[in-house]
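Owing to the predicted nature of the structure, the values given are computational and were not obtained by experimental measurement. Counting convention: from 1, in listed order, for ligands and their atoms alike.
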Amino acid sequence: MYGSQSQPCLQGLSLIFLIPLFFNFHISYGDVGTAALYSPPYLPTACYGSNTSQFPSSKFFAAAGHGIWDEGAACGRQYFVRCISDLTLDACNQNHSIQITIVDHMGQEASVPSAYNTTMFLSATAFGTIANSSTTSPHINIEFRQ
Ligand SMILES: *[C@@H]1O[C@H](CO)[C@@H](O)[C@H](O)[C@H]1NC(C)=O
Ligand SMILES: *[C@@H]1O[C@H](CO)[C@@H](O)[C@H](O)[C@H]1NC(C)=O
Ligand SMILES: *[C@@H]1O[C@H](CO)[C@@H](O)[C@H](O)[C@H]1NC(C)=O
Ligand SMILES: *[C@@H]1O[C@H](CO)[C@@H](O)[C@H](O)[C@H]1NC(C)=O
């Protein structure tokens, strides 16, 4: 009697814990990370070499950090990115959310970024749209989702 009542309860509990895990791995609803600025030259990229047609017309693109590179599967993935805070406290333009495309891999990019080991490196246009590019903050804190 007692056993048959506690069993469904346990199954319900494990479902509650498994569902967020599943969604975290497959669909991200606003993960928090960091982004640095990287400036030209952008070619060649780890994803598409020297092909100049790879960049979106918006010029919103990025190099993936090791955490999201996914052994190259990140190439072409799109993320919504928003600046949430920075070290100087006034560089973020929090009202702007932009959609970026991954074209490169951190460490293989052709230019020197403003900081290393961030979630992603944003192109100058992308970075300058969500934050003040002249900031002395080497990286910004971002919210991002695929
Ligand atoms: C460059 O990229 C475009 C779009 O992805 C593709 O259609 C084209 O074939 C590529 N060109 C070369 C030379 O690979
Ligand atoms: C951001 O949006 C809010 C609400 O729409 C507005 O009050 C604020 O002035 C905006 N800030 C900037 C920096 O545009
Ligand atoms: C990036 O992080 C890795 C591991 O945490 C570390 O070994 C490496 O030195 C870091 N690179 C830079 C340039 O800070
Ligand atoms: C951007 O940052 C620089 C350096 O901190 C500052 O001088 C400039 O006024 C800022 N621009 C805007 C639009 O906030």
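Of the options Asn132, Thr136, Thr135, the smallest heavy-atom separation from atom 2 (O) of ligand 4 is shown by Asn132.
Each of the following atoms of ligand 4 lies closer than 4.0 Å to a heavy atom of Ser134: 2 (O), 3 (C), 4 (C).
Atoms CE and NE2, from Met120 and His66 in turn, are 13.5 Å apart once rounded to the nearest 0.5 Å. Remark: Thr101 OG1 to Lys59 NZ distance equals 14.0 Å, nearest 0.5 Å.
What sits closest to atom 4 (C) of ligand 1 on the protein, heavy atoms only, is Ser53 CB, 4.2 Å. Atom 5 (O) of ligand 1 has Asn51 ND2, 4.6 Å as its closest protein atom, hydrogens excluded (heavy atom only).
Shown here, atom 7 (O) of ligand 4 is out of close reach of the protein: none of its heavy atoms lies under 4.0 Å off. Protein heavy atoms all stay at least 4.0 Å away from atom 13 (C) of ligand 1.
For the ring-ring contact (aromatic ring centres under 6.0 Å, His included) test, no residue two or more places apart in sequence or in another chain qualifies with Phe127.
Taking the side chain as every heavy atom from C-beta outward, Tyr38 and Phe61 approach each other to under 4.5 Å.
In terms of heavy-atom proximity, Ser114 sits nearest to Pro138 at OG-O, 2.6 Å.
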